[in-house]
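Everything numeric here is computed off the predicted structure, so don't read it as measured data. Numbered from 1 within each chain, the chains take letters A, B, ... in sequence-line order.
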Protein chains: 2
Amino acid sequence: MAPDDRAQPEKGLPAAVVARLTIYLRALNSFLADGVDRVSSDALAEASGVSSSTLRKDLSQLGSYGTRGVGYEVENLLQHLSAALGLTRDWRVAIVGAGNLGRALARYGGFGTRGFDVVALLDTDPQIIGNEIGWLRVTDAANLEAVFERTRANMAVLALPASVAQSVCDRVVAAGVRSILSFAPTILQVPPGVTLRKVDMATELQILAYHAQRGESGGESGQPSAAAAHTQAHDDAARHRGPSA
Amino acid sequence: MAPDDRAQPEKGLPAAVVARLTIYLRALNSFLADGVDRVSSDALAEASGVSSSTLRKDLSQLGSYGTRGVGYEVENLLQHLSAALGLTRDWRVAIVGAGNLGRALARYGGFGTRGFDVVALLDTDPQIIGNEIGWLRVTDAANLEAVFERTRANMAVLALPASVAQSVCDRVVAAGVRSILSFAPTILQVPPGVTLRKVDMATELQILAYHAQRGESGGESGQPSAAAAHTQAHDDAARHRGPSA
DNA sequence: TAATGTGAAGTTTTTCACAGCC
DNA sequence: GGCTGTGAAAAACTTCACATTA
């Protein structure tokens, strides 16, 4: 049995690849908006800021969605990438923390590519609870568990000060959420089976500082390839372990 | 051979290492706040969510700042990490875009660990220009070049809609900034010599979706090590090329 | 004795180069 | 002819294991 083991998005993709797929997705959407029907691996790689070999290797892990001698059909590839990333179903996101950042995120209408519904916005501040932000009303974080159950939120975005981040994170996990995006400037611990990603301006600025500090070294400039001409930084690496069994 | 090529922070650190240094920095600050004087590589690794071998390898690239049989002095290591990351000098950050996100970032007082001064906040909206946000007054982005020169900003944070991000980015680069952190949900192209990092909720959610979609696979559970028990995702990878000469 | 620092081994990721197909 | 898909080579990164040193 099992005539074809290839093209199994369910099988487990390297973290670095997943991170790049999101970039390709954005580049493809951009091409689509410009009315471009087909792209070559070179063109897409250029727009994405990666090498064309990396791009082809990445895409080949999902299956053979290109046509030799021609390239990739933008819309088709977009479909397959979306499917691979799990964007065909809808995700219900609860934002915890309606301070400056939480409000900004909630109002951020173009919530990336669609597929992510913000279903709740919570806070503990009585002055903020009840306010209308975007299409949402801020609910009391004291009822976090109830709100998560009612809205069936399956992702949480933490827009909280560092001091309360861990305890709220624990409650969110206890409420059954296993995908968390934290904007809190602190290290969080989550149990196995929960995926946590972290976005942090301080970290990013520090990395920029490192590169700025050492100035641009007098690197050699003989690279005939145009593929390395631009600069783009991105992230990757998400670890998680199996269920507690 | 080559008796001592080590301990040269100026020599170029792997991108993955730089990303982790920022985590160690945060963990160390946390230890410091708790009044802890010394940490072992095991303890610091645990708090940072990495293996102790990785931690020691990383630190050894900076030099030998630990004491065998004892561990690392928190304050001392903090100093050395800060120096390695270029955080001993001050960086002047201009935030371009005073919409919801830009305002949130500007008000974000604990700007990570200190070392980053927000020196300007710019926008094009006449209704926003002149407003006071935090300790700043919003200035007209039409004068971007003048503002950057006057404030001697050497880092820029872009909190802009995708539609104008590239053109503003170009102006920022033309103004001489070579370190840019973009929150705009779009791919940006910058010339060689400029370091760009990108923070993007859509990307992060998509990566979470991927992991959530494939559920937690029934991985084998025989790992005796406790080092992999928690989950933390972080970023890395920043490419840049030599000066335009 | 305890815990760092580090060569060496192992694993993952990227690049190369070209076979295969349109 | 042109461009994808992919094995093989190269590079980067992580883990292991232990010599080393306070």
Side-chain angles (χ1 to χ4, degrees), chain A residues 4-7 12-21 23-24 37-46 48-74 76-77 80 223-225 227-228 232 234-239, chain B residues 1-7 12-21 23-24 37-46 48-74 76-77 80 223-228 232 234-239:
Chain A
D4 41 32
D5 281 323
R6 55 183 162 68
L13 241 32
V17 174
V18 176
R20 284 193 298 263
L21 292 187
I23 307 180
Y24 306 153
D37 284 338
R38 283 196 306 259
V39 280
S40 66
S41 60
D42 268 320
L44 184 52
E46 160 91 24
S48 304
V50 303
S51 74
S52 66
S53 15
T54 297
L55 174 81
R56 289 202 301 275
K57 250 291 189 306
D58 287 350
L59 294 186
S60 76
Q61 305 217 28
L62 307 181
S64 290
Y65 301 131
T67 307
R68 296 178 196 228
V70 178
Y72 302 90
E73 227 181 295
V74 172
N76 182 258
L77 187 53
H80 285 294
Q223 217 74 352
S225 154
Q232 195 86 355
H234 246 284
D235 39 324
D236 76 286
R239 257 147 266 292
Chain B
M1 315 314 145
D4 44 26
D5 280 324
R6 56 187 160 68
L13 242 30
V17 174
V18 175
R20 284 193 299 264
L21 292 186
I23 307 180
Y24 307 152
D37 284 338
R38 282 197 306 260
V39 282
S40 65
S41 60
D42 269 320
L44 184 52
E46 162 90 24
S48 305
V50 303
S51 75
S52 65
S53 11
T54 296
L55 174 80
R56 289 201 302 276
K57 251 285 178 338
D58 287 351
L59 294 186
S60 76
Q61 306 218 29
L62 308 181
S64 291
Y65 301 130
T67 307
R68 295 178 196 230
V70 179
Y72 301 90
E73 228 181 292
V74 171
N76 182 257
L77 188 52
H80 285 293
Q223 217 74 350
S225 154
Q232 193 87 354
H234 246 285
D235 38 323
D236 77 285
R239 257 147 265 292

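- The CD atom of E73(B) sits 9.5 Å away from the NE2 atom of H80(B) when rounded to the nearest 0.5 Å.
- Not counting sequence neighbours, the partners of D42(A) by the side-chain hydrogen bond (donor to acceptor under 3.5 Å, both in side chains) test are S52(A).
- In this structure, E46(B) atom CD and dA3(C) atom C1' are separated by 17 Å, rounded to whole Å.
- Of the candidates dT4(C), dC3(D), dG5(C), the closest approach to any side-chain atom of S64(B) belongs to dG5(C).
- Here the side chain of S51(B) pairs a donor or acceptor atom with the backbone of T54(B) at under 3.5 angstrom.
- In this model, the phosphate group of dT4(C) is approached by a side-chain N or O of S41(B) to a distance below 4.0 Å at OP1 or OP2.
- Residues forming a side-chain hydrogen bond (donor to acceptor under 3.5 Å, both in side chains) with S41(B) (at least two apart in sequence, or on another chain): R56(B).
- Look at R20(A) and you'll find a side-chain N or O under 4.0 angstrom from OP1 or OP2 of dT14(C).
- Of the side-chain N and O atoms in S40(B), none sit less than 4.0 angstrom from OP1 or OP2 of dA2(C).
- Following rounding to the nearest Å, L77(A) (CG) and dT4(D) (P) show an atom-to-atom distance of 11 Å.
- Rounded to whole Å, atom P of dT12(C) lies 15 Å from atom NZ of K57(A).
- Checking T67(B) against P14(A), the closest nucleotide of DNA chain C that is more toward the 5' end is the one next to T67(B).
- Atom CD in Q61(A) sits roughly 14 Å away from atom C1' in dG7(D) (whole-Å rounding).
- Taking the side chain to side chain contact (heavy atoms under 4.5 Å, CB included) definition, one finds that D37(B) meets it with nothing, sequence neighbours left out.
- Here dG5(C) presents its C1' atom at 14 Å from OH of Y65(B), a figure rounded to the nearest Å.
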Detail all sub-3.5 Å separations between protein N/O atoms and N/O atoms belonging to nucleotides 18-21 of chain D.
unit_1: dT20(D); atom_1: O2; unit_2: R68(B); atom_2: NH1; d: 2.8

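- Between V50(A) and D58(A), the closest side-chain pair of non-hydrogen atoms is not below 4.5 Å.
- Residue S51(B) has no polar side-chain atom (N or O) positioned under 4.0 Å from OP1 or OP2 of dT14(D).
- Straight-line distance from the CG atom of L55(A) to the P atom of dT4(D): 8 Å, rounded to whole Å.
- One finds a side-chain N or O of Y72(B) lying less than 4.0 angstrom from the OP1 or OP2 phosphate oxygen of dG5(C).
- The phosphate of dT4(D) has neither OP1 nor OP2 within less than 4.0 Å of any side-chain N or O from S60(A).
- In this entry the distance linking CG of L21(A) with P of dT13(C) reads 13 Å, nearest Å.
- Using a 4.5 Å heavy-atom cutoff, the side chains of Y24(B) and L59(B) are in contact.
- Side-chain contact check for L13(B) versus Q61(B): some heavy-atom pair is nearer than 4.5 Å.
- Note on the helix from dT1(C)-dA22(D) to dC22(C)-dG1(D): terminal axis deviation equals 10°, with five pairs used at each end and the result rounded to 10°.
- Here the side chains of L21(B) and L62(B) are in contact, with some heavy-atom distance below 4.5 Å.
- Put simply, CG on D42(B) is 14 Å from C1' on dC16(D), counting in whole angstrom units.
- The side-chain hydrogen bond (donor to acceptor under 3.5 Å, both in side chains) search around S40(B) returns none, not counting sequence neighbours.
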